[in-house]
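This report concerns only the one structure given below.
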Amino acid sequence: WLAQLAQDRIEEIENPELAQDRVKKYYGLKGYPKDWIEKRLRGIAIRQELTDEWKDRGVTGDIDFAILTNEITKATFGMTVQEYKEFKGIKKKNQNLRDHMVDWELIFTMVGEKATTDIARSRDAKGFEENKGAAKRGGQIAHNTRKELEEETGSSIISKDNFLGLTEKKNPEDKKKKLENKK
């Protein structure tokens, strides 16, 4: 099993699409809708681009990344990541907020992070403080766009809806094996 796992990861290094397929399958097994999965994967790519940019600009450490992420989230949605988790009823510390966002929340998170990346580049932001300014501005751009959409539609895109109720879909073959094992 361990050798197979190692082989799978080596193949994913050689062909990253395999890793993406694995993540899609993982979310699908948990019961997430396919269109949501596509947005989530795009959000992961945008997030990776942002964190790579921060690293290149002298921001180091998980704490700094968390602070900058909070700046974007607070500007975009008016809540820190922790406040947003509480708003959505996410109690477990290891649960990712993004895994419980609805489509528009994911989209505006991407807007804030992509705007932050582009602002940091255009300003040639160096170090934590300059990137913090870019993060606040990127989040503000996402906030302004969110507010404009909410005015047009007459409803908030910030939602208490989450995916906490999802249960892992069981493969019919797994159920069959489980029944056979009980006999």
Side-chain angles (χ1 to χ4, degrees), residues 20 23-24 27 30 32-166:
Q20 188 175 29
V23 173
K24 281 182 186 178
Y27 278 118
K30 291 187 89 174
Y32 287 90
K34 284 184 180 183
D35 62 330
W36 181 93
I37 294 169
E38 293 300 323
K39 288 176 194 74
R40 181 68 176 102
L41 290 176
R42 184 68 190 131
I44 290 168
I46 287 171
R47 173 68 181 181
Q48 188 64 55
E49 180 185 10
L50 174 60
T51 57
D52 288 348
E53 193 67 30
W54 282 340
K55 288 174 192 171
D56 291 346
R57 299 187 169 283
V59 177
T60 56
D62 292 342
I63 292 172
D64 289 347
F65 286 5
I67 292 168
L68 295 176
T69 300
N70 262 336
E71 292 296 337
I72 298 168
T73 304
K74 194 159 66 172
T76 303
F77 299 108
M79 295 178 260
T80 65
V81 171
Q82 187 56 45
E83 290 167 342
Y84 212 158
K85 281 179 146 185
E86 290 169 11
F87 173 78
K88 285 191 161 286
I90 300 168
K91 293 179 175 46
K92 292 182 183 175
K93 194 171 186 165
N94 66 337
Q95 287 179 306
N96 190 314
L97 173 62
R98 294 159 204 248
D99 285 349
H100 297 285
M101 288 182 163
V102 296
D103 286 359
W104 276 117
E105 292 169 315
L106 282 174
I107 290 166
F108 284 108
T109 297
M110 286 187 265
V111 168
E113 292 187 339
K114 181 63 176 153
T116 298
T117 302
D118 291 352
I119 291 166
R121 285 180 184 148
S122 69
R123 291 182 180 177
D124 195 23
K126 301 266 193 264
F128 178 79
E129 286 304 320
E130 289 182 19
N131 279 284
K132 187 175 179 182
K136 285 181 180 182
R137 186 64 190 126
Q140 188 61 49
I141 289 168
H143 169 85
N144 295 344
T145 308
R146 177 181 65 84
K147 285 306 213 180
E148 193 173 327
L149 176 64
E150 289 174 341
E151 286 175 24
E152 283 293 320
T153 63
S155 61
S156 175
I157 64 99
I158 297 173
S159 172
K160 285 187 178 266
D161 291 346
N162 58 51
F163 292 99
L164 291 171
L166 289 182

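All residue numbers refer to positions in the sequence shown, counting from 1. These numbers come from a predicted model, not from an experiment.
- Listed by chain and residue number, nothing satisfies the side-chain hydrogen bond (donor to acceptor under 3.5 Å, both in side chains) test with N96 (two or more places apart in sequence, or in another chain).
- Here the CE-CD1 distance, from M101 to I158, works out to 9.0 Å after rounding to the nearest 0.5 Å.
- Contacts classified as salt bridge (charged side-chain N to carboxylate O under 4.0 Å, His left out) and involving residues 79-97 (residues at least two apart or in different chains) are given here: K88-E105.
- Considering only residues two or more places apart in sequence or on other chains, S156 meets the side-chain hydrogen bond (donor to acceptor under 3.5 Å, both in side chains) condition with E150.
- Applying the side-chain hydrogen bond (donor to acceptor under 3.5 Å, both in side chains) criterion to Q20, with sequence neighbours excluded, gives no partner residue.
- Across all their heavy atoms, R98 and W36 have their closest contact at O-CZ2, 3.5 Å.
- For D56, there are no side-chain contact (heavy atoms from CB on, under 4.5 Å) partners two or more places apart in sequence or in a different chain.
- Counting only N and O atoms by type, the side chains of N144 and E148 include no donor and acceptor under 3.5 Å apart.
- The list of side chain to side chain donor-acceptor pair (under 3.5 Å) pairs with a residue in residues 59-78, not counting sequence neighbours, reads R47-T69.
- There is a side-chain donor-acceptor pair under 3.5 Å between Q48 and D52.
- Between atom CD1 of residue I141 and atom OG1 of residue T116 there is a gap of 8.0 Å, rounded to the nearest 0.5 Å.
- Here the side chains of T51 and V59 are not in contact, with every heavy-atom distance at 4.5 Å or above.
- Scanning for side-chain contact (heavy atoms from CB on, under 4.5 Å) contacts around L149 gives W104, F108, T153, I157, with sequence neighbours left out.
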Give the table of side-chain donor-acceptor pairs shorter than 3.5 Å for residues 127-138, with sequence neighbours excluded, one pair per line with atom names and distance.
| residue | atom | partner | partner atom | Å |
| --- | --- | --- | --- | --- |
| E130 | OE1 | K126 | N | 2.8 |
| N131 | ND2 | G127 | O | 2.7 |

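- Legend: residues meeting salt bridge (charged side-chain N to carboxylate O under 4.0 Å, His left out) with D118, ordered by chain and number and at least two apart, are K114, R121.
- With rounding to the nearest 0.5 angstrom, the NE2 atom of H100 is 11.0 Å from the CG atom of L106.
- With respect to K34 and E38, no salt bridge is recorded, no charged nitrogen being found less than 4.0 Å from a carboxylate O.
- A distance of 13.0 Å separates NZ of K39 from OG1 of T109, quoted to the nearest 0.5 Å.
- By the ring pair (Phe, Tyr, Trp, His ring centres under 6.0 Å) test, F65 is found to be paired with W54, residues two or more places apart in sequence or in another chain being considered.
- A donor and an acceptor atom, one from each side chain of Y32 and D99, are nowhere located under 3.5 Å apart.
- Heavy-atom minimum distance, L164 versus G89: CD1-O, 3.3 Å.
- Taking the ring pair (Phe, Tyr, Trp, His ring centres under 6.0 Å) definition, one finds that Y84 meets it with F77, sequence neighbours left out.
- Residues that satisfy the side-chain hydrogen bond (donor to acceptor under 3.5 Å, both in side chains) test with H143, not counting sequence neighbours, are R146.
- The cationic group of K30 does not satisfy the cation-pi geometry with F163, failing either the under 6.0 Å distance to the six-membered ring centre or the 45° limit from the ring axis.
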